[in-house]
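Everything numeric here is computed off the predicted structure, so don't read it as measured data. Letters A, B, ... are given to chains in the order of the sequence lines, protein chains preceding strands, and every chain is numbered from 1.
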Amino acid sequence: MNTTLLEVKNLNTLYGRSHILHDLSFRLEKGQSMSLMGRNGMGKTTTLKSILGIVLPRSGHIYFDGEDISKLPTWKRMRRDIAYVPEGRGMFHNLTVKEHLQMAARPDRNGKSDWDFDRVMATFPRLQERLSNLGTELSGGEQQMLAIGRALVTNPRLMMLDEATEGLAPLIREDIWNVIATIRESGISTLVVDKNIKALKKLCDRHVVVVKGKIHFDGSSEELTQNLENVETALSV
Amino acid sequence: MIFEKRTERIFLAIFFLIALCIPLFLEDNSFFVGKVTTILILAVFVMSLDFLVGRVGLVTLGHALFYGLGGYLFVILTPEYEAVNFWVYAFYVMGISALIALVIGAVVLRTSGIYFIMITLAISQMGYYFFFDSLEFGGGDGLFIFMKPETSIFGLSFLNLDNPTHFYYLALLGVLITLLTIKIVLRSRFGRIIEASRLNPERTEALGYNIFAFRLISYVIGSTLAAYAGLLFALQYGYVNPQFMTWEMSGTALVMSILGGMGTIYGAILGTITYEGLQYFFEHVSQDWKLFMGGAIILMVLLLRKGLAGYLEKLLEK
């Protein structure tokens, strides 16, 4: 039985002549949570966008649950039950909170809807009070909750979060980390991009550090603790 | 609620109230009834364009192709001296137009931005020259409708299309049906996805939606409604010619939509009435009416950044 949910193999992505990702490879097992860390401009977002097909890699392969999805358009990849919470939240400024959730909601490939509107409301009670507000009228924390909620109602097997807590107040960050832990406990694999090593070490099973588009570190939380100095140096400006 | 904004509800209530009463006051003046009928038909066309441009994000300069096709298809499909059933043939015309829009849309929607504008313009001009150059379709003179269709449903007929007042109410019904169709589409989940794909196509695709398919369906809806407007126009004047599908026709409709408040849909009605009203006024004031018309449009666009609907909303939504 295939235990790997996502496998990125020898990925090379370029923006024009700039070579961003160099033979990037890693694996994410089913039910696992993985962090992707690195300084700004090291290729974290490009990695996520390459997995999604928003940016097309020059070479390499992406396997999802054993299937090569490298050649599929973005929407077909997402229909394999992948969800994405983008950096900057990606609100649609003409849609209300309710409309964001309604337009995104769909069952998974097997027709199951574990995450529906009511469950998202129960997870994020603050959104309940703002249902008729436009997405852009929400605070940063509420927008992130809505972006996560919008991803959850697609009933994913893998959720990728880019800069999950960037620009949020410490208390709100704590809420977001707790929600990501809840998502993980519900069986959804997560790939989290953030800079908070402490929180990520607690939350994730595996950690990948990218430096100049190459894997600098790939290991478990224990291995991360053993190599903390090395990783922190790679992450510091 | 289909009509979300207070301004929209107030405007539409006043518009339909006045529109319903107009023939009662102008029954003896068939010229004005005819003129207002034309405005209503144009409003259907402009609403269909406003939906595509303002809500789906497809800026097309080839929309008039379907306006012309609506008229041509009706004349081509109907026997020359037989009063066919309007509803049946309107259904045929719209069905065939939808199929043609599906084929054209599948090609043009592979482009975006300025390339989309250019390719829609090119296809529309191809249509124009095809009909202009073909003798079997009457060339530049076009084709004539010798018999107006009958409108019976299950043997009951309420409208006689030879009667200008009856035709007026058919056009008004067209406005209502077009408005409701577009609003229902926009209020549905499909409409939300369309809205999202206009605002951020990349993000919408990353939610698992094939935005090409959503845009294609929208293109078919907008084009089919335009064909219906063209069919009504051809029936009103009894002919159709290649002038129906010129890029100027698409451009004028675009100006009406911008003037009314792009993407508001009800603003398209407002824009059409204002444009046609201004044109009628300036035509009677000066021979150089186009100059004044241009000046008035420039002024209005500069002063009313969100169109007339935006201005009304500013006044009434406080």
- Task: Show the numbers, then the answer: is there a side-chain contact (heavy atoms from CB on, under 4.5 Å) between B:Leu199 and A:His93?
- Result: CA-CA 8 Å; B:Leu199 297 168; A:His93 68 76; 3.3 Å; yes
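Side chain to side chain, A:Tyr15 and A:Thr46 meet the donor-acceptor criterion of an N or O pair below 3.5 Å. Judged by distance alone, the side chains of A:Ser35 and A:His207 do bring a donor and an acceptor atom under 3.5 Å apart. With hydrogens and angles left out, the side-chain atoms of A:Thr13 and A:Ser50 include a donor and acceptor closer than 3.5 Å.
The pair B:Arg198-B:Glu195 meets the salt-bridge criterion, with a side-chain N (NZ, NE, NH1 or NH2) lying under 4.0 Å from an Asp/Glu carboxylate O. The residues B:Glu8 and B:Lys183 are annotated as salt-bridged, a charged nitrogen and a carboxylate oxygen being separated by less than 4.0 angstrom. Between A:Lys195 and A:Glu163 there is a salt bridge, since at least one side-chain N of the basic residue sits less than 4.0 Å from a carboxylate O of the acidic one. In this structure, A:Asp65 does not pair ionically with A:Arg80, as no charged nitrogen and carboxylate oxygen lie closer than 4.0 Å.
Residue A:Ala104 touches chain B through both its backbone and its side chain, counting heavy-atom pairs closer than 4.5 Å. In this structure, no portion of A:His100 lies under 4.5 Å from any heavy atom of chain B.
For the side-chain contact (heavy atoms from CB on, under 4.5 Å) test with A:Leu28, the passing option among A:Leu158, A:Thr4, A:Thr190 is A:Leu158; the others fail.
Residues of residues 126-153 of chain A placed with any heavy atom under 4.5 Å of a heavy atom in chain B are listed by number as A:Arg150. Interface residues of residues 115-122 of chain B toward chain A, defined by a heavy-atom distance below 4.5 Å: none.
Note: A:Pro86 leads A:Pro86, A:Ala83, A:Gly90, A:Pro73 in heavy-atom pairs under 4.5 Å with chain B. Ranking A:Thr154, A:Ile82, A:Asn94 against chain B, the residue ahead of the rest is A:Asn94, based on heavy-atom pairs under 4.5 Å. Comparing B:Thr204, B:Ile211, B:Asn210 by how many heavy-atom pairs each has under 4.5 Å with chain A, the most go to B:Asn210.
Listed for the B:Ser257 side chain is no donor-acceptor partner under 3.5 Å among the backbone atoms of B:Ala253.
Within the 4.5 Å cutoff, no side-chain heavy atoms of A:Phe92 are placed close to those of B:Arg192.
From B:Ile221, atom CD1 reaches atom CG of B:Leu52 across 9.0 Å, with rounding to the nearest 0.5 Å.
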